[in-house]
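Here the structure is laid out as structure tokens; the discussion comes afterwards.
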Amino acid sequence: MTTPGRIEMITGPMFSGKSEELIRRLKRARIARQRVACYKPDIDLRYHRTAIASHSEQTHDATTVATTAHLKAELWPRMDEVDVIGIDEVQFFDEAILALAVELVHQGKRIVMAGLDTTFAAEPFGPVPDLMAIADEVTKLSAVCMTCGAPAIHTQRLGQSQELVVVGAAGLYEARCRAHFRPFLDEHSSEQLDLPAI
Ligand code: ADP
Ligand code: MG
């Protein structure tokens with residue numbers, strides 16, 4: 001019988017260092033001579049098509065896939081050559097990612113996933129809450145609140161769009177603590193918040 005693997009979830013708001021932490025773990029696995037395959041959804045093409053990237057400009061090679069089925073089709077032919085599977089921006093995958101993670105862990109693989117726990121409206125994001133529930137280990141990171149410098153658990157969208165997915169980073173989103181998070185206001189102007197200037 002194959003020894004079961006391990007499911008690791010790295011979560012938190014935007015700018016909390018999820019991609020950095022994923023890249024760090026994958027690089028360490030490679031130092032340990034483990035064979036790594038990394039994936040990301042094709043919704044996030046901000047920086048590279050063939051790599052995941054952090055806001056601090058660290059990168060790791062990755063394959064872009066459209067769906068869980070696409071990821072599986074890409075991975076299956078080389079399953080015997082892969083020990084560790086990394087997935088970034090996992091919140092954008094469909095619910096089938098759960099069954100795939102379970103299937104992979106029973107085949108002895110280590111699966112390290114990073115993704116947003118909540119949307120800009122502070123609601124649980126896609127499959128992430130369920131992945132947190134089935135993981136062996138959950139790492140919940142915080143960012144720095146751009147208003148006061150406290151630990152930030154929220155992703156503040158700047159501007160009026162109510163669409164769930166508006167891909168981007170600086171200028172479109174900001175990390176905020178509970179006190180300074182305003183899900184449904186246009187936050188281009190901090191005066192609206194009646195906050196002390198910093
Ligand atoms: P995530 O994948 O969670 O969005 P990244 O790993 O891409 O985060 O980026 C983390 C890096 O972003 C930090 O190391 C820091 O250099 C930078 N950064 C920019 N804004 C913030 C912020 N508000 N809080 C923390 N880090 C920030
Ligand atoms: Mg990231």
Side-chain angles (χ1 to χ4, degrees), residues 7-30 36-65 71 84-93 97 101 111-129 131-132 135 137-159 164-183 187-188 190 193 195-198:
I7 300 175
E8 297 168 34
M9 267 304 292
I10 304 164
T11 193
M14 277 183 76
F15 305 105
S16 63
K18 300 182 300 298
S19 299
E20 252 174 21
E21 179 59 18
L22 174 62
I23 292 165
R24 190 182 78 87
R25 291 186 197 183
L26 298 181
K27 285 189 174 159
R28 286 176 59 93
R30 280 174 30 222
V36 172
C38 187
Y39 296 93
K40 66 176 199 171
D42 67 2
I43 200 159
D44 178 34
L45 301 177
R46 267 177 289 175
Y47 306 105
H48 305 278
R49 246 207 116 75
T50 56
I52 58 170
S54 72
H55 294 113
S56 47
E57 292 174 14
Q58 294 167 48
T59 61
H60 190 287
D61 290 348
T63 304
T64 300
V65 289
L71 194 167
V84 180
I85 296 132
I87 307 174
D88 200 11
E89 304 287 356
V90 72
Q91 75 276 0
F92 291 134
F93 280 90
I97 196 77
I111 306 111
V112 190
M113 292 174 279
L116 290 165
D117 48 359
T118 55
T119 67
F120 71 96
E123 281 157 358
F125 207 145
V128 171
L131 288 168
M132 289 166 74
E137 180 192 297
V138 177
T139 305
K140 182 150 170 165
L141 301 171
S142 57
V144 176
C145 175
M146 292 305 279
T147 304
C148 73
I153 64 159
H154 288 298
T155 304
Q156 176 74 52
R157 182 180 287 176
L158 306 174
L164 178 62
V165 179
V166 176
V167 175
L172 281 176
Y173 296 95
E174 230 173 64
R176 296 281 179 90
C177 68
R178 279 190 198 280
H180 294 127
F181 176 61
R182 297 288 184 280
E187 295 252 353
H188 281 303
S190 61
L193 296 176
L195 299 171
I198 52 160

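Both counts, for ligands and for their atoms, begin at 1 and track the order of listing.
Between Met113 and Ile10 the shortest side-chain heavy-atom distance does not fall below 4.5 Å. A 4.5 Å side-chain heavy-atom check between Val112 and Val84 finds at least one atom pair inside the cut-off.
Under the 3.5 Å distance criterion, with hydrogens and angles disregarded, no donor-acceptor pair is assigned to the side chains of Thr64 and Asp42. Between Arg24 and His60, the side chains place no donor N or O within less than 3.5 Å of an acceptor N or O (distance only, hydrogens not considered).
With a heavy-atom cut-off of 4.0 Å, Gln58 does not touch ligand 1 at all. Residue-level proximity to ligand 1 for Ala152 is absent, since no heavy atom of it falls below 4.0 angstrom.
In the vicinity of Pro13, heavy-atom distances shorter than 4.0 Å reach the ligand 1 atoms 3 (O). Taking every heavy atom of Val144 and a limit of under 4.0 angstrom, the matching atoms of ligand 1 come to 22 (C), 23 (N), 24 (N), 25 (C). Those atoms of ligand 1 that come under 4.0 Å of a heavy atom in Gly17, given as number and element, are 1 (P), 3 (O), 5 (P), 6 (O), 8 (O), 10 (C). Ligand-side atoms of ligand 1 in range of Ser54: 5 (P), 6 (O), 7 (O), range being under 4.0 angstrom from any heavy atom. Contact atoms of ligand 1 toward Met14: 4 (O) (distance under 4.0 Å to a heavy atom of the residue).
Taking each of Arg24, Glu20, Glu89, Glu21 in turn, the one with a heavy atom nearest to atom 14 (O) of ligand 1 proves to be Glu20. Looking at Met146, Arg176, His55, Glu57 and measuring to atom 17 (C) of ligand 1, the nearest heavy atom belongs to His55.
Within the coordination shell of the Mg ion (ligand 2), defined by N, O or S atoms under 2.8 Å, Met14 is absent.
Aromatic pair Phe92/Phe125: ring centres closer than 6.0 Å.
Using bins of under 30°, 30° to 60° and over 60° for the plane-to-plane angle, the ring pair Phe181/His154 lands in the parallel bin.
In this structure, Gly12 does not count as a contact residue of ligand 1, since none of its heavy atoms falls inside 4.0 Å of the ligand.
Among residues at least two apart or in separate chains, side chain to side chain donor-acceptor pair (under 3.5 Å) pairs with a member in residues 7-17 are Arg6-Glu8, Glu8-Arg25, Glu8-Arg110.
Taken to the nearest 0.5 Å, the CZ atom of Phe15 stands 14.5 Å off from the CG atom of Leu141.
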